[in-house]
Each structure stands twice: as C-alpha cells, then as structure tokens.
Amino acid sequence: MTTLTLTAPSPHLAFLLRLADDNLILGHRLSEWTGHAPMLEEDIALANIALDHIGAARSLYDRAAELHGEGLTEDDYAYRRDARGYLNCLLVERPNGDFAHTIVRQLLYSAFALPYWAVLTASTDATIAAIAAKSEKEARYHVRHSGDWFLRLGDGTDESRTRTEAALAALWPYTGELFEVDATLEPLIAEGVAADPRSVHAVWQQTIDQALAATGLTVPEVPFMQTGGRTGYHTEHLGFILADLQFMQRAYPGATW
Amino acid sequence: MVSARTPAEERAWRAAATVMDPEVPVLTIEDLGVLREVREEAGTIVATITPTYSGCPAMDLISVQVEVALRDAGFQDVKVKRVLSPAWTTDWLSEEGRQKLRTYGIAPPAGAAGRGALFGEPAVACPHCGSTHTTKVSEFGSTACKALYRCESCREPFDYFKCH
C-alpha cells in the first residue's frame with residue numbers, strides 16, 4: 001500500500017493527529033507487555049490501559065478522516081504513514097524498559113492527559129469534546145494505576161527505588177514537549193478547537209509533586225528538554241514500532257479478515 | 001428530553017433491550033445504559049448505542065446482536081449507530097442492575113462517579129458476604145470496567161464494577 005504523506009495538513013487535522021498518535025503509540029507500547037508483565041494482574045491492567053488509548057486514537061482518526069475527506073479511514077493514518085508523518089510526542093515512543101520505566105512514562109503522560117482532556121471537553125469541535133469527556137474518565141484510572149505503582153516502586157526496596165529514580169531521570173527530558181505551543185496550535189487555541197497545554201502545567205506539576213513527595217524522590221535536574229515529535233522528527237524507536245504495527249498492511253496491502 | 005416513541009419504535013426498543021452484555025451476561029444493554037435510543041428514520045430502525053469504555057472490544061458483538069434482535073423482531077431495514085456523547089457513566093446503572101450484579105458476584109459501583117484520581121479509594125463491599133474489609137488486588141480486572149478485589153473476611157476474590 002502506498003505511503004500516505006500529508007503535505008501541509010490544516011492545523012485542525014494536525015492537532016487531531018498529534019492527539020491520536022500519542023494515544024496509538026502509547027497504546028501500542030503498553031500492548032507490548034501482553035504476556036510479559038511481572039504478574040497476571042498487571043498483564044491484564046496494562047492491556048486494558050492500552051485498549052483505552054487505542055480506542056481514543058480510533059475515534060480521533062475517525063474524526064480526522066471525516067475532516068480530511070478523500071475517502072480515508074482510521075486505518076490509513078495508522079498503517080500508511082511513515083515515521084516522519086507521525087506527530088506524537090517523543091515520551092510515548094520511549095521503549096518500555098523495565099517495569100519502572102513503563103510506570104514512570106505512564107504517570108508522566110497520564111498526569112498530563114487527565115487535565116488536558118478535561119479542558120478539551122470545552123472544544124468547539126463537538127467530536128473532540130465528546131472524545132475528551134470519555135477519555136477523561138479513563139485517564140483518571142490511568143493516573144491512579146501508575147500513581148499507586150510509582151509509590152510502591154519508589155518507596156519499595158532499594159532495587160525498585162534505584163530503578164524508579166533512573167526511569168525518572170531518563171524520561172524527564174521528554175516532559176517539556178507535552179506543554180509546547182507552536183504555530184499549528186496557536187490559531188486553534190484562539191478558535192477554541194484546541195486547548196492551551198500550558199494551562200494544565202500547574203495541575204500536572206501538582207500531581208507529579210504529590211507522587212514524588214509520597215516516595216521522597218525529587219525532580220531530576222536536566223540540562224534541556226527534548227523536542228521534535230510534534231513536527232515529525234522522532235527518536236530511532238518509532239521506526240521499529242511502525243515496522244511491527246504496519247507489517248501486515250505494508251506486506252499485504254489492503255488485506256482484510 | 002425527546003418525543004414519545006411510536007408503537008413500532010417501542011417494539012423495536014423492547015427487542016433491542018433484550019441483548020445481554022457479553023462481558024457481564026446478567027445485565028441487558030438497557031440495564032447498563034449502553035442502549036441509548038431506538039428511532040425510526042425514513043423507514044429505517046436506528047438503534048443508538050454508546051461504549052462503556054473507548055476501547056471496549058464488546059461493541060462490535062453488541063452491534064451485531066442488536067441488529068439480529070431487531071431482524072428477529074421482524075424489522076427489515078435496521079441500522080446500529082454508535083455515539084460517544086453524553087459519555088457513559090455508571091450512574092446510569094439501575095438499582096435493579098446493581099442488585100443483579102451483586103447476585104452474580106460482582107460488587108456494583110460504590111457511590112457516584114467522581115473526579116478524584118491519585119491515591120483515594122472508596123470502601124467496596126464484598127458481594128458474597130457484605131464485609132467492607134476488602135483489598136484491591138489490581139486497578140483493572142477481567143475487563144477495563146472492573147477492578148479486582150479480595151475479601152479479607154470470607155477470603156473470596158471478586159470483581160468490582162468501578163465508578164466511571
């Protein structure tokens with residue numbers, strides 16, 4: 001199947017794809033734990049959270065396809081774009097690493113997603129508002145799940161604490177991108193289609209501080225924040241995710257079952 | 001909220017409302033609040049359903065079963081539509097539905113859907129012995145809408161239908 005390349009997508013379309021790609025890639029990452037999680041209950045929990053993210057992504061791709069026209073479907077966005085066409089933030093494509101990495105990544109993202117979905121319920125795009133109202137409820141449980149584990153790992157054994165601290169240090173440089181506002185977002189915020197991610201920074205910080213305080217861990221010092229995902233510049237990891245995710249449609253174009 | 005159903009719509013609603021939730025087979029999709037509306041639009045019966053969770057894998061099966069139920073009831077031209085808004089909430093679970101859950105061994109949602117997230121738990125009563133001396137084993141149980149608990153009094157594990 002030919003590659004879908006979007007030349008200069010409208011800000012509205014780009015915003016939908018950014019949100020959708022965050023959810024698809026994070027959902028895909030979490031699904032990689034299926035059959036490998038530290039215990040059965042966690043295997044099921046991570047698969048369920050993955051389903052929530054992929055469900056949100058599907059609804060957003062549907063809306064994107066509707067806006068886009070040209071007879072595209074959700075599958076075209078997921079299966080036919082190359083890494084340069086993906087607009088997810090870099091945090092969600094970071095490898096699962098050990099269980100601490102997965103939990104810290106989830107907490108950092110979900111603590112942002114929860115208040116961001118909440119403000120998006122006021123979007124002037126009624127479909128985005130509806131998806132946001134649904135996803136906000138789900139994100140609440142994602143914060144709770146990762147927050148509980150963050151406490152158990154961060155305040156657990158020396159080993160689990162060391163690993164949690166290492167995960168925090170490795171992933172913290174990817175949190176700045178969550179709050180970036182660029183020329184794509186600015187007009188949409190003004191129109192009320194998108195919400196300003198900076199408006200939820202304080203709530204995000206408060207959730208993270210509360211989780212850190214419960215474990216005695218601190219915010220790592222980082223020299224700079226990573227960026228690039230929102231304009232399609234990714235880490236080397238995204239290509240491997242897509243090779244896995246897109247294999248069937250690339251090898252057998254249009255295959256259905 | 002909406003105009004009264006016509007006799008045909010009423011009959012179609014009753015047919016669609018017999019569909020059981022595939023994951024919680026003691027509740028109908030009406031008990032759950034998944035079935036939102038059944039209307040006749042230009043000769044087509046349109047049943048509207050809403051997912052409990054965005055990624056709920058049961059939605060495809062429910063759609064097919066609603067379609068089959070409507071055809072079995074004699075409707076030829078049927079369509080199943082999915083909506084996301086208003087977002088499904090456990091507040092829509094009827095008292096009868098809650099009692100059915102308890103009898104089936106699933107603890108119904110404790111209280112109304114709230115907005116709290118980090119660190120905070122409701123008291124969940126064991127559906128087998130009624131004790132509130134229970135421990136959460138996992139935030140997600142056999143499906144996304146449930147958490148896994150263990151009763152410390154009767155030692156039985158059970159699913160808890162989370163507030164949503």
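Just so you know, these numbers use all the heavy atoms, side chains as well, and skip hydrogens, waters and symmetry mates. A, B, ... follow the sequence lines: proteins, then strands. Residue 1 opens every chain.
Only the backbone of B:Thr143 comes within contact range of chain A, with heavy atoms under 4.5 Å apart. Of the two parts of B:Pro51, the backbone and the side chain both hold a non-hydrogen atom closer than 4.5 Å to a non-hydrogen atom of chain A. With a 4.5 Å cut-off on non-hydrogen atoms, A:Leu46 does not touch chain B at all.
Interface check for chain A: of the options B:Ala144, B:Gly141, B:Ser142, B:Ser85, the most heavy-atom pairs under 4.5 Å are formed by B:Ala144.
Judged by the 6.0 Å distance and 45° axis criteria, B:Lys162 is positioned over the aromatic ring of A:Tyr141. A cation-pi geometry, defined here as NZ or CZ lying under 6.0 Å from the six-membered ring centre and within 45° of its normal, does not hold between A:Arg198 and A:Phe179. Seen from the ring of A:Trp117, A:Arg140 does not count as a face-on cation partner, given the 6.0 Å and 45° thresholds.
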>> Could you go through B:Phe161 and B:Val24, starting from their C-alpha distance and side-chain angles, then the distance that decides it, and tell me whether this counts as side chain to side chain contact (heavy atoms under 4.5 Å, CB included)?
In response: CA-CA 10 Å; B:Phe161 209 115; B:Val24 191; 4.3 Å; yes
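Near-neighbour residues of residues 60-76 of chain B relative to chain A, defined by a heavy atom under 4.5 Å from a heavy atom of that chain, are none. Interface with chain B: from residues 12-24 of chain A, no residue qualifies, criterion being any non-hydrogen pair under 4.5 Å.
Between the side chain of A:Gln249 and the backbone N or O of A:Ala255, at least one donor-acceptor pair lies under 3.5 Å.
What you find for A:Glu93 and A:Arg29 is that their closest heavy atoms are O-NH2, 2.8 Å. Across every non-hydrogen atom of B:Ser54 and A:Lys134, the tightest pair is OG-CG, 3.5 Å. Closest approach of B:Val137 to B:Tyr149, counting heavy atoms only: CG2-C, 4.0 Å.
Between A:His53 and A:His142, the gap from one ring centroid to the other is short of 6.0 Å. A ring-centre distance under 6.0 Å is found for A:His201 and A:Trp204.
Taking a 6.0 Å sphere around CZ of A:Arg81, one finds it holds more than 12 heavy atoms contributed by other residues, nucleotides or ligands.
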